Amino acid sequence: MRVNKRSVYLSCICAVILVVTLTWTVWTHMANSPSSAAGSKRDHSLDYFLKKGTIQERDAADVNWYHAANSKDKINEALEGPAQMIEADVLLRGHDPKEPIMAHPPDTDSDITLQDWLSVVVTSDKGIKLDFKSLAAVEPSMALLEEAQAQLEGPVWINADILSGPGGLATPLDAQAFLQEVALRAEGDVLSLGWTTGWSPDTDNPGYSWEMVQQMEAICRPLRQPVTFPVRAALLPQSFPQLQWLLQQSDRYTLTVWTGQRDMLNVEDLLPYRQNFNKSRIYYDLLESQISKFKALPGYN
């Protein structure tokens, strides 16, 4: 039987066109769907701690935090303690050798570098949150984190204030520059993206405005990673509709409620968030006395 080469050729071309068309259709559908337009990667921190048995249900309020583990003594204390998540600050040393160190401004030096800090953390099953205070520290820090990534067992959160928020006087890190360094290198991590804020006693402290949350959501929408928004507890009573809207935009989003050491916080003001949001979507990074009082409130459960 003679084979018509022209017919075979045309059939092959049609098949290729069909495959390309189907591939493009599927990709376009995925790219335009609300859950996958940003990669549809949700925060799995609670699943990790649940599997480890350090929490008993998917309740983000049960995750405990250790703060400012910015020295050898502090990180050792954190690793031996009950907190599941360890937070530390990263900046570039103020003198040679200019390398990433664990320190919070105005400090410019530390007894432990990020490289040494990570070498200690990888021996544990704790989660970590690296809070970047300097844009210059981001690129070399992410390179070190990449090297240690395979050995890190727990969740990794990458934090920076990238927008100006209510009462914020500090200059935020440049959002575009920060995310260019972080987004491709931290595909499996949680991005903790916040606003610079301020709080003063005896004044009318404004909350998070619609413009602030809409600007933040526009930045986060194209990202593939899960995103948590660190929000100042003392500003939450006047920010409920804005933050409710923000969480409704993607199931990748969570809130991390934090407090300043000198902030005056009425924990009753947090109940609307506890009662109206899924408990897996709000972490409470509060003082131990505050979280204990909060959990004892009628209506908490």
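Please read all numbers here as calculations on a predicted model, not as lab measurements. Basis for what follows: all heavy atoms, side chains included, without hydrogens, waters or symmetry-related copies.
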Under the side chain to side chain contact (heavy atoms under 4.5 Å, CB included) criterion, do Arg58 and Asp47 qualify, and how do the steps go? CA-CA 7 Å; Arg58 296 190 80 256; Asp47 298 322; 2.8 Å; yes

Mind jotting down which residue pairs meet the side-chain hydrogen bond (donor to acceptor under 3.5 Å, both in side chains) criterion with at least one end in residues 165-184? Sequence neighbours excluded, please. none

Residue pairs involving residues 110-120 (criterion side-chain hydrogen bond (donor to acceptor under 3.5 Å, both in side chains); sequence neighbours excluded):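 Residue pairs with at least one partner in residues 110-120: Thr113-Asp116.
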
Run the side-chain contact (heavy atoms from CB on, under 4.5 Å) test against [X] and tell me which residues pass, sequence neighbours left out.
X	value
Asn64	Ala83, Gln84
Glu77	Tyr66, Lys74
Ala61	Asp59, Arg274, Tyr284, Lys295, Tyr300
Ala170	Thr196

Mark yes or no for whether [X], through its side chain, and [Y], through its backbone, hold a donor-acceptor pair below 3.5 Å.
X	Y	answer
Gln290	Leu265	no
Gln56	Gly53	yes
Ser200	Thr203	no
Arg221	Met216	no
Thr123	Val120	yes

To the nearest 0.5 Å, tell me how far [X] [atom1] sits from [Y] [atom2].
X	Y	atom1	atom2	value
Ile162	Gln215	CD1	CD	8.5 Å
Met102	Ser141	CE	OG	8.0 Å
Lys51	His44	NZ	NE2	12.0 Å
Ser192	Lys129	OG	NZ	4.0 Å
Ser124	Leu79	OG	CG	5.0 Å
Ser71	Asn76	OG	CG	8.5 Å

Option from Leu114, Asn70, Asp109, Ile101 for which side-chain contact (heavy atoms from CB on, under 4.5 Å) with Leu91 holds: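 Considering Leu114, Asn70, Asp109, Ile101, a side-chain contact (heavy atoms from CB on, under 4.5 Å) with Leu91 is found only for Ile101.
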
Which residue in the set Leu286, Asp285, Ile291 passes side-chain contact (heavy atoms from CB on, under 4.5 Å) when paired with Val257?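 Among Leu286, Asp285, Ile291, the one meeting side-chain contact (heavy atoms from CB on, under 4.5 Å) with Val257 is Leu286.
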
Residues Arg232 and Asp263 bridged, charged N to O under 4.0 Å: yes

Using a strict threshold of under 4.0 Å (side-chain N to carboxylate O), is an ion pair present between Lys133 and Asp131?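 Counted as a salt bridge, because a side-chain N and a carboxylate O are separated by less than 4.0 Å.
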
Might you point out which heavy atoms bring [X] and [Y] nearest each other, and give the distance in Å?
X	Y	answer
Gly207	Pro166	O-CB, 3.4 Å
Leu92	Lys98	CD1-O, 4.0 Å
Tyr48	Asp125	OH-O, 2.7 Å
Ala137	Pro100	O-CG, 4.3 Å
Pro222	Ala218	CD-O, 3.4 Å

Pairwise ring pair (Phe, Tyr, Trp, His ring centres under 6.0 Å) hits with a residue in residues 128-185, at least two apart: Trp65-Trp157, Trp157-Tyr283

Filter on ring pair (Phe, Tyr, Trp, His ring centres under 6.0 Å), then keep only pairs touching residues 83-102, sequence neighbours left out; what's left?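 For residues 83-102, and leaving out neighbouring residues, there are no ring pair (Phe, Tyr, Trp, His ring centres under 6.0 Å) pairs at all.
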
When you look at Val190 and Ile158, which way does the side chain to side chain contact (heavy atoms under 4.5 Å, CB included) test go after all the steps? CA-CA 6 Å; Val190 175; Ile158 308 296; over 6 Å; no

Identify all side-chain donor-acceptor contacts of residues 237-246 below 3.5 Å with residues at least two apart in sequence or on another chain.
{"unit_1": "Gln238", "atom_1": "NE2", "unit_2": "Asn205", "atom_2": "O", "d": "2.5"}
{"unit_1": "Ser239", "atom_1": "OG", "unit_2": "Tyr208", "atom_2": "N", "d": "2.9"}
{"unit_1": "Ser239", "atom_1": "OG", "unit_2": "Leu235", "atom_2": "O", "d": "2.6"}

For the hydrophobic clusters of this structure (ILVMFWY residues joined by side-chain heavy atoms under 4.5 Å, transitively), does one cluster hold both [X] and [Y]?
X	Y	answer
Leu223	Val138	yes
Leu287	Val267	no
Ile86	Ile112	yes
Met85	Val231	no
Ile282	Leu193	yes

Less than 4.5 Å apart, any side-chain heavy atom of [X] and any of [Y]?
X	Y	value
Leu179	Leu191	yes
Met264	Trp199	yes
Trp195	Asp161	no
Tyr253	Cys220	yes
Ile219	Leu163	yes
Val227	Phe229	yes

Just by distance, with hydrogens left out, do Asp107 and His104 show a side-chain donor and acceptor under 3.5 Å apart?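 No.
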
Checking Ser45 against Asp43: is there a side-chain donor and acceptor pair closer than 3.5 Å? yes

Partner residues of Thr256 under the side-chain hydrogen bond (donor to acceptor under 3.5 Å, both in side chains) criterion, sequence neighbours left out: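 Partners of Thr256 by the side-chain hydrogen bond (donor to acceptor under 3.5 Å, both in side chains) criterion, ordered by chain and then number, come out as Thr228.
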
side-chain hydrogen bond (donor to acceptor under 3.5 Å, both in side chains) involving Glu57 - partner list, sequence neighbours excluded: Lys279

Would you check, one step at a time, whether the test side chain to side chain contact (heavy atoms under 4.5 Å, CB included) holds for Leu130 with Asn159? CA-CA 6 Å; Leu130 297 177; Asn159 181 83; over 6 Å; no

Anything under 3.5 Å between a donor and an acceptor, one on a side chain of residues 142-154, the other on a protein residue two or more places apart or in another chain? List them.
{"unit_1": "Glu146", "atom_1": "OE1", "unit_2": "Arg185", "atom_2": "NE", "d": "3.3"}
{"unit_1": "Gln149", "atom_1": "NE2", "unit_2": "Asp189", "atom_2": "OD1", "d": "3.3"}
{"unit_1": "Glu153", "atom_1": "OE2", "unit_2": "Lys52", "atom_2": "NZ", "d": "2.4"}

Determine, stepwise, if the pair Leu255 / Leu247 fulfils side chain to side chain contact (heavy atoms under 4.5 Å, CB included). CA-CA 8 Å; Leu255 299 180; Leu247 283 190; 4.0 Å; yes

